[in-house]
Amino acid sequence: MAHDILIIDDEDDIRTQISGILSDEGYQTREAANSVDGFNEITARQPSLLILDVWLNNSELDGLQMLEIIRRDYANLQVVVISGHATFDMAVNATKMGAYDFISKPFKSDVLI
């Protein structure tokens, strides 16, 4: 079975782009646009990997707040944090909080893979 990757990003085009790239590589993807939908997806079936945007417009929680809860409640879930407004400090903070990696948007396909 293909690895299940959940993509949580408030931008439809970013979710579609990431999903397309990963699907072409044989991964099964799911998508959510906000924290509530994201946690519903995680609860329904824990993914192998979570790609999580830092800034989530129209969401109860932002990505870093979600990461804090995920580290507490789903300690084994690997999380890659992404952001189009990244700073070095934000990347360091996300990895200190337990993110596996941090990718700045826009990114190249090979960096995502």
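It should be emphasised that the depicted structure is a prediction, and the values quoted were computed from it without experimental measurement.
A single hydrophobic cluster is seen to contain both M97 and I42, as judged by linkage of ILVMFWY side chains at heavy-atom distances under 4.5 Å, directly or through other members.
Applying the 6.0 Å contact sphere to CG of N58 captures no more than 12 heavy atoms from other residues, nucleotides or ligands. Within 6.0 Å of CD in Q46 there are more than 12 heavy atoms belonging to other residues, nucleotides or ligands. In this structure, Q65 places its CD atom where more than 12 heavy-atom neighbours from other residues, nucleotides or ligands lie under 6.0 Å away.
Of all the heavy atoms in A32 and L6, the pair that sits closest is N-CD1, 4.4 Å. The two atoms that bring N34 and V36 nearest to each other are OD1-N, 3.1 Å, heavy atoms only. Among all heavy-atom pairs drawn from L61 and S35, the shortest one is N-OG, 3.2 Å. Between A33 and L56 the shortest heavy-atom distance is O-CD2, 4.4 Å.
R71 places a side-chain N or O within 3.5 Å of a backbone atom of L77 that can act as its donor or acceptor partner. Using a distance-only test at 3.5 Å, with no hydrogens or angles considered, no donor-acceptor pair links the side chain of R15 to the main chain of E31. For the pair T43 (side chain) and N40 (backbone), a donor-acceptor distance under 3.5 Å is absent. In this structure, the side chain of R30 engages the main chain of R45 through a donor-acceptor pair within 3.5 Å.
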Could you go step by step and tell me if V81 and I103 meet the side-chain contact (heavy atoms from CB on, under 4.5 Å) rule?
-> CA-CA 6 Å; V81 174; I103 300 174; over 6 Å; no
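Side chains of I51 and I5 form a contact here, defined as non-hydrogen atoms less than 4.5 Å apart. Using a 4.5 Å heavy-atom cutoff, the side chains of L50 and I70 are in contact. Side-chain contact between L112 and D110 is absent, with no heavy-atom pair separated by less than 4.5 Å.
The pair D53-K105 meets the salt-bridge criterion, with a side-chain N (NZ, NE, NH1 or NH2) lying under 4.0 Å from an Asp/Glu carboxylate O.
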